[in-house]
Amino acid sequence: MQNKSIAQMAAELRLRTYSSVELTRHYLERIARLDPRLNSFISVASESALAAAERADRAIASGDAGPLAGIPIAHKDIFCTAGIKTSCGSRMLDNFVAPYDATVVERLAAAGAVVLGKTNMDEFAMGSSNETSFYGPVHNPWDADRVPGGSSGGSAAAVAARLCAAATGTDTGGSIRQPAALCGITGIKPTYGRCSRWGMIAFASSLDQAGVLARSAADAACLLDEMAGFDPRDSTSADVAVPDYVDALDDDIAGLRIGLPKEYFGEGLDPRVAASVQDAIKEYERLGAKVKEISLPNSPLSVPVYYVVAPAECSSNLARFDGVRYGHRCENPKDLEDLYKRSRAEGFGAEVQRRIMIGTYVLSAGYYDAYYLKAQQIRQLIAADFARAFEEVDVIMGPTAPTTAFPLGAKMDDPVAMYLNDIYTIATNLAGLPGMSIPVEPVEGLPVGLQIIGNAFQEARLLNVAHRFQHVTHWHQGAPSGFE
Amino acid sequence: MQWETVIGLEIHTQLATQSKIFSGAATAFGAPPNTQACAIDLGLPGVLPVLNAEAVRLAVRFGKAIGAAVAPRSVFARKNYFYPDLPKGYQISQYELPIVGEGRVEIVLGDGAVKSIGVTRAHLEEDAGKSLHEENLAGGGYTGIDLNRAGTPLLEIVSEPDMRTPQEAVAYARKIHQLVRWIGISDGNMQEGSFRVDANVSVRPLGQTRFGTRTEIKNLNSFRFIERAIQFEVERQIDVIEGGGTIVQETRLYDPERDETRPMRSKEEANDYRYFPDPDLLPVELDVAFIVDAVADLPELPDSMRERFHTQYGLGEYDASLLTTGRELAQYFEAVVQATAEPKLAANWVNGELAAALNRSEIEIAQSPVSAAMLAGLIHRIQDGTVSGKLAKQVFEAMWSGEGDADSVIQARGLRQITDSGELEALIAAIVAANPGQVEQYRAGKDKVFGFFVGQVMKESKGKANPQQVNEILMRVLASD
């Protein structure tokens, strides 16, 4: 049952082959049985999930069901959900239940989706291995000793292990695409502003974007169709018409112009990953695509630029967690200063504290021009690289991550090595562009992701390009052993 | 040594919007704590600000009123610091690109001279909440936070350091206060904190061009306190320098009870606000249509109206200034003039009896029990001789106490002037007959006695006799025989 596509599940629910309550129970049973091995969920909401499933069944029976009626999904624990704890992977919010739903949550609920629970993540989405979570690391379903990637590691592992039909995620520097690659699933980070950020706990506001982790491009299209669109509550959300992503999946890709940035195939890339990616590109050529090498000359600057801009914004975004109104508060503060210092020192983990300090530093008087302003200028150059490239190609392809999933603990003492995991994904966020990762041929049993980058608001094209590949290959269908 | 004082003011005026600058919560004053604070005002995780267009419109009106350029593109920035009544850990304000650029206002000094004061900029920002340090809160030892005010739209108006005396500073503050109320962008209520002034004060030896080190006195909420706080601070600074010390750049608070300023926080605790553009808000890009629309119904401004009252109605500078301190007062005056065509009489009444009565009752012109039409009615009765100027004051008092319009008061109280010459002749003949001694004195050339007879007539007639007629008849009667 858990291997069916969302379209198939939706059709069978409508035919009453099974009910949403049965489907939901099936997933809840899998979570109870299998998730202890993965730790991919922070909260499982059995009761509200079954209640939503009952509502979906009634809606189906009465003929006014939404497109996702009865489909069990999970939300990354960064999206506020009224009634279910929203921890953002942090001790700081271990006691926080939002009084409102994020727009993404609201829209998926309106489409009839059933929420099974909230998935584990790097604390405040800061991490590339899901090891910074207050709730402990998530294990990769393909190899329990390896990381699932991050920060949407819980969502990626849960989808790969078939513990939910699909899951939401957020991507600030690769947080959907990199874990999708490492867990062998399909992930899409839409254009900045495509999905509302309302109710999504901010890490770096100018980079954060909600997206989907699913088992196929077709499944991802089903969710994105419901999530995308303008929201008056988010001033940065885009008032641009949303095409029907499912409708566009089967469009012909003959003549598609693919650009391969030479900077994405250089030093640091595992040659086996490179080979796997090259094979996938050959498959595209067989499908009629034209491939050419391009250059994104400023892309090597994207990691340093990102580690100025993102911490700067996070240092300000996380200032609200002060122990005054909600969230963690230290015991017996002796004065205001003590309340602030201890609540924040106890509530935030090491990586979050590191980024707050970096961000505070780069914004401080005397350093602002040298760091923050300079980084914003380079950001423009990086965006201009892409703009030039998209004058001659339709999509850009390359590896999503330089290696396959690495062992738990391998990079925890070396933040820079950890940051380099996102070397191919970060530039897309800096330029605000949509990006995807789809599974290609694994290396020694570990998944490899092909990254597809499109021009702004070209999500339909990306999903179409990914779907045509998945139509003729089977890499996306492989399930990790023990989770089939 | 002779010292020169240099003063610049930062004025925070609350904009008269229904809802907050970045949320839909109400801005009404005086609600129970935290009943007008939504998730956005509380700074809950995941919430986002959305700019209130009305606040932008009101700021544009101010820009136009001081002749400043309104920026076609302005940017909101975050001012980062920790304080319990600042829910997000930053205040959203405008920093490098404010909505209103350089402008000017004119103030009238004590000697009647006019001085032009530069306005550097005016920018939009959100207010913080309020910390309540109450003895008995939750059993004591606690500070309460009221976030009703958090997110209230403010326009911060920053002046050039153009003022040289506390009196100039007050005149400038009054001018801005007059203006924001006049153009309807703020109620200017100082008790409720809708108009708060920070004063930057420094002194320098007369003739020196370089500025001295300044201190900033925060949150002055009355014109009297502005003057006294600056006066104290100037004297303090001069004392420090003449005593061989140096001025420390710091923030100070004025204590009205002790009439002194005290340091608020030391330099070591000074914040590095780490301003940067707020990534949650797009730059504010104003098109011409929005600006044109925002200022379309801007009323005639006080300076121009004052000038017009002078030229059109022939009023003196003083009267014209008084009549244009507030827009409603000026409108009231013009309504009286239109009904009576007697600008000078109208000015006398509005600046005289009416202003005194308003002061006594501590009410605004809008609440005046005597409407412009009623005052015009009274002036008509003065013009046509129905009541004397003196009795008219009685009529006014009666109207003020709610006894109806001028005609009904005159009727009810029998205050109509006696203009019937027969009646007056009889009255005067009786008085002349009753005072033979005074008649003799008068005829012997003691002209002053004439006044005695006038007084007697007015007394007997209870003030109702027409003075001009009394003069004529008395003159004639006393001259005969």
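Proteins get letters first, then strands, A, B, ... in listed order; numbering begins at 1 in each.
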- Task: Go through the atoms of A:F321 and report whether side chain, backbone, both or neither lie under 4.5 Å from a heavy atom of chain B.
- Result: side chain
- Show the numbers, then the answer: is there a side chain to side chain contact (heavy atoms under 4.5 Å, CB included) between B:V47 and A:R320? CA-CA 11 Å; B:V47 301; A:R320 69 188 60 200; 3.8 Å; yes
- Message: Just verifying a value: how many Å separate A:R344 CZ and B:F82 CZ, rounded to the nearest 0.5 Å?
- Response: 3.5 Å
- Message: For A:Y367, which atoms come within 4.5 Å of any heavy atom of chain B: side chain, backbone, both, or neither?
- Response: neither
- Query: Which bit of A:F124 comes within less than 4.5 Å of chain B, counting heavy atoms only: side chain, backbone, both or neither?
  - Reply: neither
- Query: chain B heavy atoms under 4.5 Å from A:A312: which part of the residue, side chain, backbone, both or neither?
  - Reply: backbone
- Message: As an exercise: rank B:A39, B:G89, B:P84 by heavy-atom pairs under 4.5 Å with chain A and give me the winner.
- Response: B:P84
- Message: What part of A:R325 gets within 4.5 angstrom of chain B, counting heavy atoms only: side chain, backbone, both, or neither?
- Response: side chain
- Side-chain heavy-atom pair A:P232, B:V50 within 4.5 angstrom cut-off: no
- Query: Does the side chain of A:S316 pick up a donor-acceptor pair with the side chain of B:R78 at under 3.5 Å?
  - Reply: yes
- Message: For B:K79, is the NZ atom crowded, meaning more than 12 foreign heavy atoms sit under 6.0 Å from it?
- Response: yes
- Comparing B:P49, B:P277, B:G43 against chain A, the one with the most heavy-atom pairs below 4.5 Å turns out to be B:G43
- Do the non-hydrogen side-chain atoms of A:Y368 and B:R274 ever get within less than 4.5 Å of each other? no
- Among A:T360, A:L339, A:L373, single out the residue with the greatest number of heavy-atom pairs under 4.5 Å to chain B. A:T360
- Message: Can you tell me how far apart OH (B:Y83) and OH (A:Y340) are? Round to the nearest 0.5 Å.
- Response: 8.0 Å
- With chain B, which of A:L93, A:T86, A:N317 has the greatest number of heavy-atom pairs at distances under 4.5 Å? A:N317
- B:Y81 versus chain A, the contacting section by heavy-atom distance below 4.5 Å: neither
- Query: Would B:Y275 and A:L363 satisfy side chain to side chain contact (heavy atoms under 4.5 Å, CB included), going step by step from the backbone distance to the final call?
  - Reply: CA-CA 7 Å; B:Y275 281 99; A:L363 288 176; over 6 Å; no
- Query: Just how far is it from atom CG of B:L48 to atom OG1 of A:T236, taken to the nearest 0.5 Å?
  - Reply: 6.5 Å
- Item | Residue part contacting chain A, namely of B:F276, when any heavy atom lies under 4.5 Å | both
- Is the CZ atom of A:F457 crowded by more than 12 outside heavy atoms at less than 6.0 Å? yes
- Item | Option in A:C88, A:S235, A:A102 with maximal non-hydrogen atom pairs under 4.5 Å from chain B | A:S235
- Message: If you count heavy atoms of other groups shown closer than 6.0 angstrom to NZ of A:K374, is the number above 12?
- Response: no
- Message: Report which part of A:S196 has an atom under 4.5 Å of a heavy atom belonging to chain B: side chain, backbone, both, or neither.
- Response: neither
- Message: Is it true that, when you exclude B:R214 itself, more than 12 heavy atoms of the residues, nucleotides or ligands shown sit nearer than 6.0 Å to its CZ?
- Response: no
- Output the distance between atom OH (A:Y326) and atom CG (B:L42), rounded to the nearest 0.5 Å. 8.5 Å
- Tell me, for B:N80 versus chain A, whether the close heavy atoms (under 4.5 Å) come from the side chain, the backbone, both or neither. side chain
- Using a cut-off of under 4.5 Å on heavy-atom pairs, state which of A:C80, A:S206, A:S364 scores highest against chain B. A:S364
